[in-house]
Each structure stands twice: as structure tokens, then as C-alpha cells.
Amino acid sequence: MTPGIFLAIAVAGGLGAVARYVFDTIAGHWAAKFQLRQGSDLEFPFGIAVINLVGSFLLGLLVGLSLAGTVDSQWVLIIGTGFLGGFTTFSTASVDTVRMVFIGHHRRALTNSIGILIGAIVLAGIGLWLGSGVAG
Amino acid sequence: MDQVRFPWSKLGLLPIMLVAAGGAVGTALREALVLVLPDSEFPWAIFCANVVGSFLLGFLLAILVRNGLHSAGADSRLPEQMRLLFGVGALGGFTTYSALAEGVATLLRSGSTTLAIFYAAVTLVLGLAAAWAGIRVAARRGEPLTETSI
């Protein structure tokens, strides 16, 4: 771990956080428009859920590729630990789930917690499998 | 569809810079934790970061809401900036869902099924408990926890 790599990880993490923020802002806007049109009460953090699912798949893929020797370990650090680590978030998901429990949306709380976690693990597993199959 | 305007103001330079700066610091702290803790089969660094980060975010948001975040009347500019820097940025960067999912998947693939399930379940349960506790700690004595607490 050189200082340069550490810095690159941090910067990549900042970029990942921005990507999350932009995507989640736009997703929230679309959800609000959809809600208005449908007259339905959506109130589910779709943006964060999709981000966490996609990010988990991508990290699985990246780690798989590095296991197959296709990708250098320092790129796993920068893109994986850095960007995808900044992109995905566990804290937001936890607080959102607690909020849902407070409001009484218990089924949504289960979906947002156990549902997304299982989905993310499965996707990470698929990514690992796909990535490790691509020999360098 | 112009009843819901595109949130351009949320995507301006200052919000983006706050998220980027916070995200970089949060990510650096997470990586520092990974480097400092000894290697083990159980991913202690990611586990601690995720649980502590959940507590801190619950605490932060509860404090900010009390100080005008999300309320239409009050000036929520500073609370919103704090949310972007520390919440979206730092704690969003400090915690990670991808490392959690990939960690569990890797443990499953290497045959450590019990450890994988344990790690996933404990992170989930303690993460939620921590978020709840963070909100609780931020609440004033005797103040009931409601959906408007956060």
C-alpha cells in the first residue's frame, strides 16, 4: 500500500459517493413523478437499493476478475474498495429501514433489509462466478 | 409533469463538492481501518465500519432534523450541507454494502457457510439496532421517537 494508492482509493471513494448522490437524486425525482401520476404511495428508497445491488454485483465481478488474474490487485483497491465502497452504502439502508419500521411499513422494511441483502449477496456471487471465469 | 421539477439545485457545485469531500474522507477512514486491523476470516473492519456508521448516521440525521432539516419553514441550508458532507459523503463512504455482499459471497464460495450466514445476519441486525440506537441517543430526554424524529 503506497501513499499514492491510498490517495487514489480515497479520491475514487469521493467519486463513488458523488455517483451515488446523483443517481439517487434523479431516481428520487422519477419516483416522485411516478407517484404523482399513479397516485400511489411508493415511499421506498429505490435509488439506494439499485445502487447497492449494482455495486455488489460489480465488486463481485471485479474480485472474480482479479482471482482469474485478469485485473491487478491495485485496481481492485481503487475501483472496488474506493469507488464501489463510496458508491454503495450500508448506513443509509439501515436508517431507511428503521424509518420504515417507525412509520409502520413493516413489509417494506423487510424488503429493504433482508430482501436487498440477499439480492446483493446473490448478485455478488454471480459477479464472482462470471469474473473468475474470464482468464487473464 | 411540471408539477415535479427536476432538482437541479441539488446537483450544483457545492452539494457535489460536499459529497465528494466527505466521501473521500469516509472511504479513507474505512481503508485505514482495514489496514490497521489484523487479517482474519471474519471481516472485522468492514463489520465495524458498517455498524458504527449506521449508528452515526442515525444520530446525525436525528440531530439535523431537530435543527431544521427537511422542514419547509426553517432555513435548512446548513443542516442540508451537513447532511451532504457527513451523511451522504462521509458515512456513505465509510460504510459499504458491496464489500459486505461480496464478503458473504466469497465466504459461501469457500465453503464457510456458517460464518457467511452469521456475518450477514449479525451485520444486518446490529446495523439496524445501531441506527435505532443512534436516533435514540440523539433524542431529548423524554422525547418520544416518531417518524418525524428523523
Side-chain angles (χ1 to χ4, degrees), chain A residues 1 6-7 9-18 20-22 24-26 28-29 32-33 36-37 51-52 55-60 63 77 80-82 84-95 97-99 101-103 113-114 116-118 120-125 127-129, chain B residues 1 3-4 6-7 10-11 15-16 19-28 30-32 34-35 49-50 53-54 56-58 61 84 87-89 91-106 108-109 116 120 123-124 127-128 130-132 134-135 145-147 149-150:
Chain A
M1 171 73 53
F6 188 83
L7 189 64
I9 293 170
V11 169
L15 292 175
V18 170
R20 166 167 43 89
Y21 176 62
V22 171
D24 188 41
T25 300
I26 296 176
H29 168 70
K33 282 177 68 172
L36 214 61
R37 200 187 309 151
I51 282 165
N52 283 340
S56 298
F57 170 75
L58 289 176
L59 185 61
V63 172
L77 285 172
T81 302
L84 295 176
F87 186 57
T88 63
T89 169
F90 183 78
S91 52
T92 308
S94 298
V95 172
T97 300
V98 168
R99 259 202 197 111
V101 173
F102 278 171
I103 299 176
S113 52
I114 297 175
I116 300 297
L117 182 57
I118 292 175
I121 293 167
V122 168
L123 285 170
L128 277 165
W129 175 73
Chain B
M1 283 304 113
Q3 288 148 298
V4 185
F6 189 83
K10 291 196 179 176
L11 300 178
I16 300 286
V19 171
V25 171
T27 300
R30 172 169 40 89
E31 179 57 13
V34 168
L35 293 171
N50 279 341
S54 296
L56 291 174
L57 188 64
L61 291 180
L84 292 174
V88 178
L91 293 174
F94 187 58
T95 65
T96 167
Y97 214 98
S98 51
L100 166 63
E102 186 272 325
V104 173
T106 292
L108 287 171
R109 280 170 61 100
T123 300
L124 183 70
L128 291 175
W132 178 87
I135 295 166
L145 286 188
T146 65
E147 63 267 21
S149 301
I150 38 155

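These numbers come from the heavy atoms of this one structure, side chains and all, not from hydrogens, waters or symmetry mates. A, B, ... follow the sequence lines: proteins, then strands. Residue 1 opens every chain.
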Q: Pick one of side chain, backbone, both or neither for B/Leu100, based on which atoms fall under 4.5 Å of a heavy atom in chain A.
A: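 For B/Leu100, the side chain is the part near chain A, not the backbone.
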Q: Enter the distance from B/Leu124:CG to A/Thr97:OG1 here, rounded to the nearest 0.5 Å.
A: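 Between atom CG of B/Leu124 and atom OG1 of A/Thr97 there are 7.5 Å.
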Q: So how far is it from B/Leu35 CG to A/Ile9 CD1, rounded to the nearest 0.5 Å?
A: 7.5 Å
Q: Can you say whether A/Val22 sits under 4.5 Å from chain B via the side chain, the backbone, both, or neither, judging by heavy atoms?
A: both
Q: Sort out for me which of B/Pro15, B/Ser98, B/Gly23 touches chain A most, counting heavy-atom pairs under 4.5 Å.
A: B/Ser98
Q: Among A/Thr25, A/Leu7, A/Leu59, single out the residue with the greatest number of heavy-atom pairs under 4.5 Å to chain B.
A: A/Leu59
Q: Can you tell me how far apart OG1 (B/Thr123) and CZ (A/Phe90) are? Round to the nearest 0.5 Å.
A: 6.0 Å
Q: Among A/Thr89, A/Ile51, A/Leu117, exactly one meets side chain to side chain contact (heavy atoms under 4.5 Å, CB included) together with B/Tyr97. Which residue is that?
A: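 Exactly one candidate clears the test, A/Leu117.
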Q: Flag the one option from A/Gly13, A/Ala17, A/Gly14, A/Ser91 with the top tally of heavy-atom pairs under 4.5 Å to chain B.
A: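 Looking at each of A/Gly13, A/Ala17, A/Gly14, A/Ser91 in turn, A/Ser91 comes out on top.
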Q: Roughly how far, to the nearest 0.5 Å, is CG of B/Leu57 from OG of A/Ser94?
A: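 Reported to 0.5 Å precision, the distance equals 8.5 Å.
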Q: Among B/Ala116, B/Gly134, B/Ser54, B/Gly89, who wins on heavy-atom pairs under 4.5 Å with chain A?
A: B/Ser54
Q: Under 3.5 Å, is there a donor-acceptor pair between the side chain of A/Tyr21 and the main chain of B/Lys10?
A: yes
Q: Pick one of side chain, backbone, both or neither for B/Leu108, based on which atoms fall under 4.5 Å of a heavy atom in chain A.
A: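 Contact with chain A is through the side chain of B/Leu108 alone.
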Q: Should B/Ile135 and A/Arg99 be marked as a side chain to side chain contact (heavy atoms under 4.5 Å, CB included) after you check the CA-CA gap, both sets of side-chain angles, and the distance that decides it?
A: CA-CA 10 Å; B/Ile135 295 166; A/Arg99 259 202 197 111; over 6 Å; no
Q: Between A/Thr81 and B/Arg30, is there a side-chain heavy-atom distance shorter than 4.5 Å?
A: yes
Q: From B/Thr96 OG1 over to A/Asn52 CG, what is the distance, rounded to the nearest 0.5 angstrom?
A: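 Rounded to the nearest 0.5 Å, the OG1-CG separation comes out at 8.0 Å.
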Q: Given heavy-atom pairs under 4.5 angstrom as the criterion, report whether the side chain, backbone, both or neither of A/Leu128 touches chain B.
A: both
Q: Identify the heavy atoms of B/Ala20 and A/Val18 that sit nearest to each other, and give their distance.
A: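 Between these two residues, the closest heavy atoms are CB-CG2, 3.6 Å.
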Q: Ignoring hydrogens, what is the shortest heavy-atom contact between B/Ala101 and A/Ser56? Give both atom names and the distance.
A: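 Shortest heavy-atom contact: CB-OG, 3.4 Å.
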Q: Using a cut-off of under 4.5 Å for heavy-atom pairs, which of A/Val11, A/Leu58, A/Val98, A/Leu77 has the most such pairs with chain B?
A: A/Val98
Q: With chain A as the partner, which of B/Ala28, B/Gly53, B/Gly92, B/Ala105 has the greatest number of non-hydrogen pairs under 4.5 Å?
A: B/Gly92
Q: Output the option from A/Thr92, A/Val101, A/Ile116 having the highest count of non-hydrogen pairs under 4.5 Å with chain B.
A: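 Top count of heavy-atom pairs under 4.5 Å with chain B: A/Ile116.
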Q: Would you check if A/Leu84 and B/Glu102 make a side-chain contact, meaning some heavy-atom pair closer than 4.5 Å?
A: no
